[in-house]
Chemist: 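Below: one structure in structure tokens.
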Amino acid sequence: MTQVELFKKLIAHSKEYGFVFPSSEIYDGLSAVYDYGQNGVELKNNLRRYWWEAMTRLNENIVGIDAAIFMHPTTWVASGHVGAFHDPLIDNKDSKKRYRADVLIEEWMEKQREKLEKEVEKARKRFGDAFNEKLFRQTNPRVVELTESITTVNRRMVEALDQNNLAEVKKIIEDCEIVCPISGTRNWTEIRQFNLMCETKLGSVNDEANTIYLRPETAQGIFVNYINVQKTGRMKIPFGIAQVGKAFRNEIVARQFIFRMREFEQMEMQFFVRPSEEMKWYEFWMEKRMRWHSAMGFGDSKYRFHKHEKLAHYANAASDIEFEFPFGFKEVEGIHSRTDFDLANHQKHSGKKLQYFDPDIKQSYIPYVIETSIGLDRTFLLVLSAAYAEEKVAKEDGTSDERVVLRIPPALAPVKLAVFPLVKKDGLPEMARKIMDDLKFDFACQYEEKDTIGKRYRRHDAIGTPFCITVDHQTLEDETVTIRYRDTMEQERVPASRLREIMNDKVSLTNLLRQI
Ligand code: GAP
């Protein structure tokens, strides 16, 4: 199965099993807007909680807030979003498809990198143990040529975007002979900048003065509240403020399912530090955030850091944590050193003092900020992509069956355990209900009695339920039940009275948090 096929299956599976639906689907949907179904909302809540507890419970110096989506319009002038939050877009005249010009160039560079790595791999195989990779990279004419062309194009792009030189960006696309992936032609329009903020009106008078923006990032709600939290919480630098909430962007090029949406959720943390100490904390948070990802257990080789060459208008250093989605390595989280850009600008535009008096060094200053910013929806897609598996399952009669299983970490799974009576008679349903009614106070449980046990297992494999409990005739005799494990499909007989204790250990968020 190709990665493209896998991704299509994942989208269909998400819908079929109540994870993600296209928004207002009965009206043919709304582009790049999605709704979460009965299983999706549980997974999303669990992911949100995993992040929230990791930030606010495990760090004594991080507290949370929940700021409003609507903010005073000057917020967005001060933050630079009115002036600089735009994408350079280019259209292909033949396919009528629109692209982000910088993404087209980045994808071109990625292809060159892949070619380069293939050359290195070929040579490694050819020379075996005698292979000197460093020397090969420095001297092989093809590798040197590819390296130089990537470096040159990258430098040109960064400079052109910094200077807002859109003609030069287009020239790079022409020089690299980049074609539209749909039409295959190089028939491009000029490049134009599009602001990404969504506008709405508030109040009764429909004029300019009432135009406000739906926040394009949650971070500004933290910045404008920083002094409130610092004073009321008597916070001492370094300290952090965490927030989870909706953000809105008029993404023109919105593709790849819930990867790029117009309405999405961010989980952001701003960490306020002494000026000049920001790089130390930037490194600290890069490592710490990677550990949070790693604890989910999808394999460290699925992640990598990508250092930004072109920095956002507020940053002096930035790296992404990229995950290998079915459509390649892509950003799931950003770690940004935002200097004092936001607080200094809010101080300027509001006229309110946003300085902090540092009792340890007896100085007042505007703190510098390290931000960790992760998309909740993108993390959701990460989990689904990593967890989805199709497997052949041997049957007792020697034939084989297929199953789709979501290997979601148990602590994050939408349903933790399903309780089944083996048959719908002989008092088994009543017994199964009793067990379920007892366990539901501690765990997200589901009771199922319809269809064969095999079909019930498949349904729960498909939504990632880690444990299925079956009540059978032996249960009536000795009060034992079987636990069937999603990943190994093995079964174990245990006393029903031990279920809570066994489950507690296996599905505990605390245990996941301990692994960070
Ligand atoms: N406050 C900084 C900030 O907003 P960003 O890199 O623009 O930085 C941070 O966004 C994260 O938010 C991204 O890494 C991504 O996970 C998520 N994100 C951004 N735009 C998104 C979109 N259109 N749809 C879904 N998630 C998005």
Side-chain angles (χ1 to χ4, degrees), residues 20 23 30-36 44 47-48 51 67 69 71 75-76 78-81 84-87 100 102-103 106 194-198 213-224 226 240-271 282 285-286 289-290 292-293 303-308 310-323 325 327 329-339 341-343 369-385:
V20 182
S23 160
L30 185 64
S31 173
V33 186
Y34 290 90
D35 298 337
Y36 287 85
K44 204 174 169 206
L47 283 167
R48 193 190 286 113
W51 183 87
I69 288 172
M71 297 182 73
T75 308
W76 306 110
S79 69
H81 283 81
F85 192 53
H86 36 55
D87 277 348
R100 260 177 66 177
D102 54 334
V103 171
E106 268 162 16
F194 279 81
N195 194 291
L196 295 176
M197 282 200 290
C198 299
Y213 299 104
L214 299 182
R215 64 182 178 197
E217 61 169 8
T218 56
Q220 297 305 324
I222 293 179
F223 287 123
V224 300
Y226 130 84
I241 305 178
Q243 176 169 219
V244 181
K246 289 267 177 155
F248 302 82
R249 294 182 190 177
N250 188 15
E251 299 279 3
I252 310 294
V253 185
R255 291 196 194 107
Q256 289 161 331
F257 192 37
I258 56 170
F259 182 80
R260 196 174 298 287
M261 302 156 90
R262 292 192 168 129
E263 174 181 339
F264 57 100
E265 217 164 320
Q266 286 186 317
M267 308 191 284
E268 297 200 299
M269 193 279 298
Q270 317 297 132
F271 200 69
Y282 171 65
W285 279 106
M286 278 178 42
R289 289 304 304 147
M290 195 54 115
W292 181 88
H293 285 276
Y303 293 92
R304 69 182 187 193
F305 280 112
H306 169 79
K307 195 167 174 286
H308 281 212
K310 177 189 173 329
L311 293 169
H313 58 273
Y314 48 71
N316 71 352
S319 287
D320 294 336
I321 293 179
E322 292 188 339
F323 178 78
F325 288 98
F327 39 87
F329 272 98
K330 296 279 176 206
E331 170 188 351
V332 64
E333 171 158 10
I335 293 119
H336 310 125
S337 170
R338 290 182 80 130
T339 66
F341 176 90
D342 303 86
L343 290 181
V369 171
I370 303 302
E371 162 183 80
T372 71
S373 175
I374 177 167
L376 177 51
D377 312 85
R378 247 179 230 190
T379 312
F380 185 103
L381 184 58
L382 177 163
V383 170
L384 278 194
S385 319

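The figures here come from the full heavy-atom set of this structure, side chains too, leaving out hydrogens, waters and symmetry mates. Just follow the structure's listing: the first ligand is 1, and inside any ligand the first atom is 1. For reference, positions follow the sequence shown, starting with 1.
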Chemist: Report yes if the side chains of Phe85 and Trp76 come closer than 4.5 Å at any heavy-atom pair, otherwise no.
Modeler: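 Side-chain contact under 4.5 Å: no.
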Chemist: What atoms of ligand 1 come within less than 4.0 Å of a heavy atom belonging to Glu268?
Modeler: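 Checking each atom against Glu268, I get 1 (N), 2 (C), 3 (C), 4 (O).
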Chemist: Do any heavy atoms of Arg338 fall under 4.0 Å from ligand 1?
Modeler: yes
Chemist: Would you check the N or O atoms of Met261, main chain and side chain alike, for any that come under 3.5 Å of an N or O of ligand 1?
Modeler: yes
Chemist: Between Arg249, Gln220, Glu333, which one has a non-hydrogen atom sitting closest to atom 7 (O) of ligand 1?
Modeler: Arg249
Chemist: Using heavy-atom distances only, which candidate in Phe264, Phe85, Tyr34 approaches atom 21 (C) of ligand 1 most closely?
Modeler: Phe264
Chemist: Look at the side chain of Tyr282 and the backbone N and O of Ser319, then say whether any donor-acceptor pair between them is shorter than 3.5 Å.
Modeler: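 Yes; at least one donor-acceptor contact below 3.5 Å.
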Chemist: Ignoring hydrogens, what is the shortest heavy-atom contact between Glu263 and Phe248? Give both atom names and the distance.
Modeler: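 Heavy-atom minimum between the residues: CG-CE2, 3.4 Å.
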Chemist: Mind checking whether Val332 contacts ligand 1 via backbone (N, CA, C, O), side chain (CB onward), both or neither, at a 4.0 Å heavy-atom cut-off?
Modeler: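 Looking at Val332 and ligand 1, just backbone atoms fall under 4.0 Å.
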Chemist: Report the member of Glu371, Glu331, Gln270 with the shortest heavy-atom distance to atom 6 (O) of ligand 1.
Modeler: Glu331
Chemist: Under 4.0 Å from a heavy atom of Phe259: give me the atoms of ligand 1 that qualify, with their elements.
Modeler: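 So the answer, numbered in order with elements, is 24 (N), 25 (C), 26 (N).
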Chemist: If we only count N/O pairs under 3.5 Å, is His336 in contact with ligand 1?
Modeler: no
Chemist: Output yes when the distance from some N or O of ligand 1 to some N or O of Gly375 is under 3.5 Å, and no in every other case.
Modeler: yes
Chemist: Residue-level breakdown please: for Glu217 versus ligand 1, do any non-hydrogen atoms fall below 4.0 Å on the side chain, on the backbone, on both, or on neither?
Modeler: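 Near ligand 1, Glu217 shows its side chain, while the N, CA, C and O stay back.
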Chemist: Looking at every heavy atom in both Glu371 and Gln270, which two are closest together, and how far apart are they?
Modeler: OE2-OE1, 3.2 Å
Chemist: Considering only non-hydrogen protein atoms, determine which one is nearest to atom 12 (O) of ligand 1 and report residue, atom name and distance to 0.1 Å.
Modeler: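 Ranked first by proximity to atom 12 (O) of ligand 1 is Gln266 NE2, 3.3 Å.
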Chemist: Would you call Val369 and Tyr226 a side-chain contact if the rule is heavy atoms closer than 4.5 Å?
Modeler: no
Chemist: Shortest non-hydrogen contact from Asn316 to Ser337?
Modeler: OD1-OG, 2.6 Å
Chemist: Would you find a donor on one side and an acceptor on the other, under 3.5 Å apart, between the side chain of Arg378 and the backbone of Glu333?
Modeler: no
Chemist: Are the side chains of Leu343 and Arg338 in touch, meaning some heavy atoms are under 4.5 Å apart?
Modeler: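 Leu343 vs Arg338: side chains apart.
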Chemist: Return the closest protein heavy atom for atom 9 (C) of ligand 1 as residue, atom name and distance.
Modeler: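 Protein heavy atom with the smallest distance to atom 9 (C) of ligand 1: Ser373 OG, 2.9 Å.
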Chemist: Please confirm whether the ring centroid of Phe323 lies under 6.0 Å from the ring centroid of Phe325.
Modeler: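 Yes, ring centres under 6.0 Å apart.
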